[in-house]
2 protein chains.
Amino acid sequence: MSALQSLGEFLGKARTAAGKTLRAVESETGISNAYLSQLENGKIKSPSPQNLHKLALCYSVSYELLMELAGFPLPNASDRATANKAARIGPLTDDEEAALVEYLQFIRSRKRGD
Amino acid sequence: MSALQSLGEFLGKARTAAGKTLRAVESETGISNAYLSQLENGKIKSPSPQNLHKLALCYSVSYELLMELAGFPLPNASDRATANKAARIGPLTDDEEAALVEYLQFIRSRKRGD
DNA sequence: TCATTCTGCTTGGTATAGCAAGCGTTGCTA
DNA sequence: TAGCAACGCTTGCTATACCAAGCAGAATGA
């Protein structure tokens, strides 16, 4: 399948990559395992920024990346959107660089099979 | 210095400072005047980041400030430090590069979509 | 076989974000 | 005075984020 994925997909893979169970994440973050299950299975569309922040810390991934996947506007996104009209990749913004680094880390952890 | 101003208080002042009525903001942002009234009177605790972003643009105020007033975590230096740790990544394989390019296009298409 | 203990998942419920409709007040014009 | 329009606000409703409780299957051991 494509490398593109939903927030739920990403969170599920990040959790297993971190070697944690739903209940382990629940005791670590205070987010119920019921809700985490719904989140990973795409039944929740817009989790709160607070919960995204807790999960970012728990999985050691970028909070900004989770915000991006959730469809939330990032600070300065609108400013940079007008600045970057390039059709091809071009130079990266800080946000994009951070997101790509985290995503690459994720890809490689999955290749290692952990 | 005083405590943080409430979100509703700030939004009300920003709107009158911009010389706009509730219905003017409604027609500009698509957010109902009923909801805007509740927001300004403190009856809404956690508006969506999307709506905060629209109001930031409408009032020409900082989106980050609204996020902070709403009590949402902001992407901060420690997030970027985590990303930078993961940035010791070495050269990319072709597969990794393809995945990152695809993912970057995904990110940017979502930014344009908002 | 039976009990225990993990795992993810489902169900039923509550709280609240957000909107459509409409209210009371103010101010303007005839 | 009546009539109208615009203002902020309230009410009643729907959709959904989130949780407590518990279910179903797999693994493990007595």
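Residue numbers begin at 1 in each chain, while the letters A, B, ... track the order of the sequences.
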- Message: Using the ring-ring contact (aromatic ring centres under 6.0 Å, His included) criterion, which residues pair with B:Phe72? Sequence neighbours excluded.
- Response: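 Partners of B:Phe72 by the ring-ring contact (aromatic ring centres under 6.0 Å, His included) criterion come out as none, since no residue qualifies.
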What distance do [X] atom [atom1] and [Y] atom [atom2] have between them, rounded to the nearest 0.5 Å?
X	Y	atom1	atom2	result
A:Leu69	A:Ser6	CG	OG	8.0 Å
B:Gln50	B:Thr29	CD	OG1	13.0 Å
A:Asn51	A:Ser32	CG	OG	9.0 Å
B:Leu55	B:Ser60	CG	OG	11.5 Å
B:Asn33	B:Thr21	CG	OG1	8.5 Å
B:Leu11	B:Thr16	CG	OG1	10.5 Å

Could you list the donor-acceptor pairs under 3.5 angstrom formed between side-chain atoms of residues 34-41 of chain B and any protein atom two or more places apart in sequence or on another chain?
{"from": "B:Glu40", "atom 1": "OE1", "to": "B:Arg15", "atom 2": "NH2", "distance (Å)": "3.1"}
{"from": "B:Glu40", "atom 1": "OE2", "to": "B:Arg15", "atom 2": "NE", "distance (Å)": "2.7"}
{"from": "B:Asn41", "atom 1": "ND2", "to": "B:Ser37", "atom 2": "O", "distance (Å)": "2.8"}

- Nearest-Å distance for atom pair CG/C1', residues A:Asn41 and C:dT7: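 A:Asn41 atom CG is separated from C:dT7 atom C1' by 14 Å.
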- Query: Between B:Val25 and B:Tyr59, is a side chain to side chain contact (heavy atoms under 4.5 Å, CB included) present by the stated rule, with each step listed?
  - Reply: CA-CA 9 Å; B:Val25 176; B:Tyr59 301 152; 3.6 Å; yes
- Query: Would a 4.5 Å heavy-atom cut-off, applied to side chains only, mark A:Glu26 and A:Ile31 as touching?
  - Reply: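 No, every pair of side-chain atoms sits at 4.5 Å or beyond.
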- Message: What contact category does B:Gln38 fall into here, base, sugar-phosphate, or nothing, at under 4.0 angstrom with non-hydrogen atoms?
- Response: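 Base, at least one base atom sits under 4.0 Å.
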- Describe the nucleic acid contact of B:Asn33 in one word from base, sugar-phosphate, nothing, applying a heavy-atom distance below 4.0 Å.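 If one applies the 4.0 Å heavy-atom cut-off, B:Asn33 turns out to touch a base.
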- Message: Let's see if you get this right: which residues in residues 12-30 of chain B place a heavy atom under 4.0 Å from DNA chain C?
- Response: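 Heavy-atom cutoff 4.0 Å gives B:Arg23, B:Gly30.
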- Short question: side chain of A:Lys20, backbone of A:Cys58 - any donor-acceptor pair under 3.5 Å?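 A pair under 3.5 Å: yes.
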- Message: Could you check whether any side-chain N or O of B:Tyr63 sits under 3.5 Å from a backbone N or O of A:Pro73, counting only pairs where one atom can act as donor and the other as acceptor?
- Response: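 Pair found, side chain donor or acceptor close to backbone of A:Pro73.
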Got a list of protein N/O to nucleotides 15-17 of chain C N/O distances below 3.5 Å?
{"from": "C:dT16", "atom 1": "OP1", "to": "B:Lys45", "atom 2": "NZ", "distance (Å)": "3.1"}
{"from": "C:dA17", "atom 1": "OP1", "to": "B:Ser46", "atom 2": "N", "distance (Å)": "3.3"}
{"from": "C:dA17", "atom 1": "OP2", "to": "B:Lys45", "atom 2": "N", "distance (Å)": "3.4"}

- Task: Give the first and the last nucleotide of DNA chain D, reading 5' to 3', that has any atom under 4.0 Å from a heavy atom of chain A.
- Result: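 Footprint of chain A along DNA chain D, 5' to 3': D:dT16 to D:dG22.
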- In degrees, rounded to 10°, what is the bend between the two ends of the helix from C:dT1-D:dA30 to C:dA30-D:dT1, using five pairs at each?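 Taking the rotation axis at each end, their angle is 10°.
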- May I ask you to decide whether B:Lys54 forms a salt bridge with B:Glu28, counting only side-chain N to carboxylate O separations under 4.0 Å?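 The answer is no: the pair does not qualify as a salt bridge.
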